[in-house]
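Below is one structure, written out as structure tokens; the observations come after it.
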Amino acid sequence: MVGIVQWCKGMAPVIGILTARKKDGSIAGNVPLFIELQKKLISLNGISFIFTIDGVHDHSIEGFTYIPDKDLWERITAPYPDLVYNRIPFRKAEEEIKSTAFFSCLRDKNIPFFNPGFIDKYELYQLFKNHPILHSYMPVTITAIDKQKLSSFLTKFQSIYLKPAQSARGNGIFKLVLDTHKKVHFEGLTTSEEFLTFNHFWFEWENKLRKKDYIAQEDIKSSLYDGKRFDFRILAHAENDHFIVTGVGIRQSQIQQITTHIPTGGRLLPYDLVQTVDHDLFIHTIVEQIGKALSEKLGFFGEFSIDAGVSQSGQYYIYEVNSKPMSFDESEIEERKIDHLCQLFQQLTGNKT
């Protein structure tokens with residue numbers, strides 16, 4: 001184990017990356033991201049280490065640091081870092097950590113950290129629906145735990161999406177369509193089912209909807225490219241007192257029309273295939289406004305991604321905001337991500353390139 005003084009001597013900033021353990025006890029998280037951040041930080045005379053809450057002590061933290069020359073992870077004991085980057089990959093683990101005194105300890109030590117946590121979809125809607133600019137981009141959304149309200153919502157819109165309030169990557173999402181005979185058609189990512197009435201649907205799904213705090217959202221008729229719907233995937237980072245666009249990718253549905261996510265069969269397209277001046281203006285506007293709104297209400301968000309789209313009538317929509325962005329398949333966006341994160345680390349810790 002590397003000693004405290006020898007390990008960090010002469011390195012600045014020192015970045016602690018907070019993650020969690022899997023059920024088998026191994027370290028979880030986006031390891032390729034951690035490795036690339038370490039390489040970039042070392043080139044800037046900084047250094048990083050990853051750690052979990054069980055490695056935190058009163059005056060030091062036990063964790064692991066990546067050694068590029070040896071291509072291995074080495075266990076270390078380090079002082080508290082200059083900044084903590086929250087990359088806890090599991091909502092349950094994050095809630096458990098929030099119940100400890102760790103984040104209060106960071107505040108007491110004047111150690112900055114981001115991001116404050118996962119974002120609940122309905123809390124996001126409530127925040128944005130009252131925003132002077134963002135409200136116009138929000139699909140109509142309700143909680144899906146009241147039978148009468150959900151039935152009325154489906155009757156009004158005829159086609160709606162149901163999503164767990166605390167999920168990502170399209171997990172648990174499905175679509176309900178009410179036909180002219182009052183039958184309810186259920187469409188999932190890999191399954192479909194027909195219910196004779198809404199009551200039949202509710203009887204089977206009530207417990208699932210309540211257990212995972214589902215929300216219902218109006219179905220937006222998305223703009224098409226080559227006959228299939230597409231969405232914007234936007235990566236954003238804080239820079240000084242503003243929020244900037246790090247990259248934009250297009251995700252297009254292929255084998256199903258429920259979601260455009262790559263893991264569920266979506267297709268990647270370059271943004272310049274659909275790019276317009278209006279698209280650019282929308283994206284830059286919402287990045288700045290979302291970053292400010294989140295940071296004012298929930299705590300500092302130095303990084304986030306946005307799922308957004310445009311309807312066939314030309315109306316723009318914000319579908320989701322993610323505080324722990326997945327890796328982008330576009331290598332150039334990932335490279336800019338590393339650069340922007342390291343610049344932000346230095347900005348927040350007072351170290352300049």
Side-chain angles (χ1 to χ4, degrees), residues 1-90 92-94 96-97 100 102 105-106 111-115 169 235 237 246 262-263 302-303 323-346 348-349 351 353:
M1 183 181 293
V2 178
I4 294 177
V5 176
Q6 293 87 345
W7 177 76
C8 66
K9 187 176 181 180
M11 307 297 282
V14 177
I15 306 301
I17 302 174
L18 177 59
T19 184
R21 293 187 183 274
K22 300 177 184 177
K23 290 182 179 179
D24 64 5
S26 61
I27 302 295
N30 188 340
V31 176
L33 170 64
F34 303 158
I35 289 174
E36 292 306 312
L37 282 174
Q38 175 75 322
K39 290 177 179 178
K40 183 66 177 183
L41 280 167
I42 289 175
S43 75
L44 299 171
N45 200 42
I47 200 163
S48 65
F49 66 95
I50 63 173
F51 68 99
T52 59
I53 195 67
D54 57 296
V56 176
H57 306 293
D58 289 341
H59 302 291
S60 64
I61 297 177
E62 294 179 29
F64 299 86
T65 191
Y66 179 71
I67 312 298
D69 293 343
K70 299 179 180 179
D71 189 26
L72 56 79
W73 291 88
E74 192 164 299
R75 184 184 294 272
I76 55 95
T77 298
Y80 272 68
D82 298 311
L83 176 147
V84 171
Y85 175 35
N86 180 1
R87 287 296 304 193
I88 303 168
F90 312 124
K92 183 177 179 181
E94 188 169 79
E96 290 173 352
I97 291 174
T100 71
F102 178 64
C105 177
L106 294 180
I111 296 174
F113 65 90
F114 73 91
N115 292 320
R169 307 183 186 184
L235 182 62
H237 288 93
T246 299
I262 298 294
E303 172 186 49
S323 62
K324 313 285 180 70
M326 296 169 56
S327 295
F328 275 62
D329 293 286
E330 296 90 344
S331 59
E332 67 277 9
I333 295 178
E334 282 296 294
E335 289 173 7
R336 289 198 295 272
K337 172 182 181 176
I338 299 300
D339 288 342
H340 287 177
L341 278 172
C342 289
Q343 289 170 13
L344 184 57
F345 294 158
Q346 293 183 314
L348 294 175
T349 58
N351 294 281
T353 38

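Model, not experiment: these values are computed from the prediction.
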Would you mind reporting whether [Y] and [X] have side-chain heavy atoms less than 4.5 Å apart?
X      : Y      : result
Pro68  : Ile42  : yes
Val14  : Asp82  : yes
Phe51  : Leu18  : yes
Asn86  : Glu94  : yes
Lys324 : Ile88  : yes
Ile53  : Glu96  : no
Phe114 : Leu348 : yes
Lys337 : Leu33  : yes

Does the gap between the ring centers of Phe64 and Phe49 come in under 6.0 Å? no

Would you say the rings of Phe345 and Tyr85 are close, in the sense that their centroids are separated by under 6.0 Å? yes

Rounded to the nearest 0.5 angstrom, the CG-CD distance for Leu235 and Glu334 is 7.5 Å

Rounded at 0.5 Å granularity, tell me how far OG in Ser48 sits from NZ in Lys39. 12.0 Å

Looking only at heavy atoms, which two atoms of Cys342 and Lys40 are closest? And how far apart? SG-CG, 3.4 Å

Side chain to side chain contact (heavy atoms under 4.5 Å, CB included) between Phe113 and Phe102: does it pass, once the steps are laid out? CA-CA 11 Å; Phe113 65 90; Phe102 178 64; over 6 Å; no

Checking [X] side chain against [Y] main chain: does a donor-acceptor pair fall under 3.5 Å?
X      : Y      : value
Thr19  : Ala28  : yes
Thr77  : Ile61  : no
Glu303 : His237 : no

Under a 4.0 Å threshold between the charged nitrogen and the carboxylate oxygen, would Arg336 count as salt-bridged to Glu330? no

